[in-house]
Amino acid sequence: MGKAYYDIVGQEKHWAVLHDGEPEGDYVSKEAAFEAACAAASNAIKFGHEVRVTVPGRDEAGGSALGVASN
């Protein structure tokens with residue numbers, strides 16, 4: 001079967017899911033992008049695909065764990 005890879009990526013002030021080489025979606029947080037990727041990954045599993053979801057860790061520059069601006 002095929003492979004379905006979903007990589008959470010930062011895009012200026014939002015997050016997206018990189019799938020098949022193209023960033024998809026416009027999410028306010030890393031967590032929201034992750035949840036969308038997991039929903040898509042769940043469907044891919046049903047078709048027998050190998051699935052991988054990757055999420056970057058906290059930005060070393062002191063960003064929040066969820067990748068959103070804090071007040």
Side-chain angles (χ1 to χ4, degrees):
M1 274 287 144
K3 297 178 181 181
Y5 295 159
Y6 304 91
D7 300 306
I8 309 306
V9 295
Q11 303 270 310
E12 293 187 26
K13 294 184 180 184
H14 68 273
W15 293 88
V17 178
L18 188 65
H19 178 65
D20 291 337
E22 294 292 326
E24 299 177 7
D26 182 9
Y27 302 97
V28 69
S29 69
K30 187 182 342 180
E31 182 180 30
F34 172 74
E35 290 173 354
C38 286
S42 178
N43 287 329
I45 289 170
K46 294 173 186 171
F47 290 104
H49 297 302
E50 173 185 330
V51 172
R52 180 187 71 199
V53 177
T54 60
V55 182
R58 181 188 310 241
D59 181 7
E60 294 301 322
S64 74
L66 297 180
V68 296
S70 58
N71 294 332

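Along the sequence shown, residues carry numbers from 1.
Taking every heavy atom of both residues into account, His49 and Lys3 meet most closely at ND1-N, 4.2 Å. Residue Ala33 comes nearest to Val17 through the heavy atom pair O-CG2, 3.5 Å, listed as atom of the first residue, atom of the second, then distance. Closest non-hydrogen pair, Leu18 versus Pro23, comes out as CD1-N, 3.5 Å. Considering all non-hydrogen atoms of both residues, Ser29 and Trp15 come closest at C-CD1, 3.4 Å. In plain terms, the two heavy atoms of Gly25 and Ala16 that are nearest each other are O-CB, 3.7 Å. Summarising the geometry of Ala44 relative to Val51, their closest heavy-atom pair is CB-CG2, 3.9 Å, with the distance given to 0.1 Å.
At most 12 non-hydrogen atoms from other residues, nucleotides or ligands lie less than 6.0 angstrom from CZ of Phe34.
Side-chain contact between Gln11 and Asp26: absent, with no pair of heavy atoms (C-beta onward) separated by less than 4.5 Å. Residues His14 and Val28 fail the side-chain proximity criterion, which asks for heavy atoms closer than 4.5 Å.
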From CA spacing to verdict: side chain to side chain contact (heavy atoms under 4.5 Å, CB included), Val55, Glu31: CA-CA 9 Å; Val55 182; Glu31 182 180 30; over 6 Å; no
Stepwise side chain to side chain contact (heavy atoms under 4.5 Å, CB included) check, Ile8 with Thr54: CA-CA 6 Å; Ile8 309 306; Thr54 60; over 6 Å; no
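In the model, Tyr5 has a side-chain atom that pairs as donor or acceptor with a side-chain atom of Glu50 under 3.5 Å.
Applying the ring pair (Phe, Tyr, Trp, His ring centres under 6.0 Å) rule to His19 yields the partners Tyr6; only residues at least two apart in sequence or on another chain are considered.
Remark: Cys38 SG to Ile45 CD1 distance equals 9.0 Å, nearest 0.5 Å. The CD atom of Glu35 sits 13.5 Å away from atom NZ of Lys30, with the distance rounded to the nearest 0.5 Å.
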